[in-house]
Amino acid sequence: MRVVWNSFQGQFSDSPRALFEALQRRGDAIDSVWLASPRRRGDFPAGVATVEHGSAAARAALESADLVVSSDHLDLDWDKQPGTVYLQTWHGTPLKRIHHDVRWAPEGRLARLDRDVARWDAMLSPNPASTPLLRRAFGFTGPVHETGYPRNDVLTGADAQGAREAVRRGLGIPDGATVVLYAPTWRDDVVFATGEHDLPLDLGEFDRELGGEHVLLLRLHSLVSERIQLAEGAPVRDVSAHPDIRELYLAADVLVTDYSSAMFDFAVTGRPILLFTYDLADYRDRLRGFYFDLEEIAPGPLLATSDEVLAALQDLDAVRAAHAGRYATFRRTFNPHDDGHATERVLDRFFPTPAPAPAASAVPHGGGRHAQH
């Protein structure tokens, strides 16, 4: 079997990475090649075959594949061959409207991406709430498998604590520090316009009030990570280019986000979530729109100002107590398959282990109907 893997335009991450690594551990004889962005090639382990994302070699790999696995649109020109299966893992529970459900998109963008949707043969869904939304947004009529996301297995696996400690050491986190992961989503009017934009979180106040015992990790969406200029000496570690956000989830003690699907994944950890929703009405009613009432489902407080975020960070025990019931409901609704076994479920469907040949002594004499079962 020849498999081509892709994650977010050439990264080594997300559910494709989880599936690939599981196959490696299992020892399957699979001819694999990853599409790799030139600036991300160093994130791929030694010995992993890659071709440059968007290159002629990438097109050739896709057109010779038995199976294509991607976590996002493959916005490339290639002709899918008869017999090729394309598994779209996608990459999050959608709070904000996506694809054909958005309020606005640049002219021609959705039509171009629809060419890729037309190639999909199957899709993964993280939960029953997402399945009809994904179907409608993409106009996808093929099978959608509610397996959960393989990428989240590491958050509940038997070695989650050891992995957490290793990631924190790798990031140079001091012992005892509270790690705040700030992972806002992107705004359409910023991405599809020119110019820089500022962080709404007051970094100076964060440093003055929390800097001694807290470490702030900034994870910007790839669409805007180059639009924000941090002042020299800013009390934040920019981890926007970190190879895999799963490791940042492991390292963090609390997530600060807004409308990002990060909240649904981070909830697997059971750690506090703060929602910095300073532009809630504009984002919900004008810019993008939501599938769910955020004020109704939120697993943590909705905070309108930077001062409110900093105050909440100083009393996370109170946040946990105040939102324990809502958090539990949120997890029951959106994390029913985050049991550490999503990878196994996907492998069983798309990479089943070949059944061993029966021993000669086990085959009944004379063959017949018994030998065919």
Side-chain angles (χ1 to χ4, degrees), residues 1-24 28-45 47-92 98-100 102 105-125 134-135 137-145 147 149-151 191-192 221-223 243-244 346-347 349-351:
M1 179 185 287
R2 180 172 176 78
V3 184
V4 176
W5 307 87
N6 175 69
S7 180
F8 299 118
Q9 294 81 53
Q11 300 182 34
F12 185 63
S13 66
D14 217 81
S15 291
R17 174 180 174 177
L19 294 168
F20 173 78
E21 290 177 336
L23 289 170
Q24 285 195 313
D28 285 29
I30 290 176
D31 178 12
S32 284
V33 62
W34 278 83
L35 307 189
S37 165
R39 60 190 182 91
R40 292 288 194 165
R41 198 178 295 273
D43 298 335
F44 288 81
V48 172
T50 64
V51 293
E52 183 176 332
H53 187 280
S55 67
R59 175 169 186 158
L62 290 165
E63 292 180 351
S64 64
D66 297 302
L67 177 64
V68 174
V69 182
S70 181
S71 66
D72 200 357
H73 292 99
L74 269 169
D75 189 11
L76 302 173
D77 289 326
W78 60 288
D79 295 319
K80 184 183 171 194
Q81 301 301 304
T84 299
V85 174
Y86 183 167
L87 170 62
Q88 176 57 248
T89 69
W90 203 240
H91 55 264
I98 57 174
H99 207 63
H100 285 293
V102 299
E107 185 177 355
R109 174 178 171 80
L110 298 182
R112 190 181 72 244
L113 297 179
D114 277 342
R115 292 200 295 270
D116 187 61
V117 175
R119 302 181 184 115
W120 301 356
D121 293 294
M123 194 175 188
L124 301 187
S125 171
L134 295 171
R135 280 197 178 282
F138 294 116
F140 182 66
T141 59
V144 177
H145 303 289
T147 57
Y149 284 143
R151 68 182 188 184
V191 169
F192 300 119
H221 194 282
S222 59
L223 291 174
D244 202 323
V346 178
L347 293 185
R349 290 180 182 275
F350 293 93
F351 300 90

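The first residue of the sequence shown is numbered 1, and numbering continues consecutively from there.
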### Message
For a salt bridge (Lys or Arg N to Asp or Glu O under 4.0 Å) check, start with the C-alpha distance between Arg17 and Asp43, then their side-chain angles and the critical distance, and finish with the verdict.
### Response
CA-CA 12 Å; Arg17 174 180 174 177; Asp43 298 335; over 6 Å; no
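- Closest approach of Ala58 and Glu52 over heavy atoms only: CB-O, 3.3 Å.
- By the ring pair (Phe, Tyr, Trp, His ring centres under 6.0 Å) test, His145 is found to be paired with Phe350, residues two or more places apart in sequence or in another chain being considered.
- Side-chain atoms of Arg135 come within 3.5 Å of backbone atoms of Gly142 as a donor-acceptor pair (strictly under, hydrogens ignored).
- Ring pair Trp34/Phe44 is perpendicular by interplanar angle, where above 60° counts as perpendicular and below 30° as parallel.
- Side-chain contact between Leu113 and Phe138 is absent, with no heavy-atom pair separated by less than 4.5 Å.
- Distance check, rounded to the nearest 0.5 Å: OG of Ser15 to CZ of Phe20 gives 15.0 Å.
- Between Asp244 and Arg151 there is no side-chain heavy-atom pair separated by less than 4.5 Å.
- At least one side-chain heavy atom of Arg2 sits under 4.5 Å from a side-chain heavy atom of Val33.
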### Message
Quick one, His73 with Trp120, criterion side-chain contact (heavy atoms from CB on, under 4.5 Å). Give me CA distance, side-chain angles, the key distance, then yes/no.
### Response
CA-CA 10 Å; His73 292 99; Trp120 301 356; 3.9 Å; yes
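- Within the 3.5 Å criterion, the main-chain N or O of Trp90 finds no donor-acceptor partner in the side chain of Ser71.
- Closest non-hydrogen pair, Gly54 versus Leu76, comes out as CA-CD2, 3.6 Å.
- Considering only heavy atoms from C-beta on, Val3 stays 4.5 Å or farther from Leu23 through its side chain.
- Trp5 places none of its side-chain heavy atoms less than 4.5 Å from the side chain of Val68.
- Scored by the ring pair (Phe, Tyr, Trp, His ring centres under 6.0 Å) test, His91 finds Phe8 as partners (sequence neighbours excluded).
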### Task
Test Thr50 against Arg41 for side chain to side chain donor-acceptor pair (under 3.5 Å), laying out the working first.
CA-CA 8 Å; Thr50 64; Arg41 198 178 295 273; 2.6 Å; yes
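- For Arg59 and Asp79, the salt-bridge test passes: some basic side-chain N is under 4.0 Å from an acidic carboxylate O.
- Using a 4.5 Å heavy-atom cutoff, the side chains of Leu67 and Val69 are in contact.
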### Message
Set out, in order, the CA-CA distance, both residues' side-chain angles and the distance that settles side-chain contact (heavy atoms from CB on, under 4.5 Å) for Lys80 and Asp121, then state yes or no.
### Response
CA-CA 11 Å; Lys80 184 183 171 194; Asp121 293 294; 2.4 Å; yes
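- Looking only at side-chain heavy atoms (C-beta outward), Phe351 and Met1 come within less than 4.5 Å of each other.
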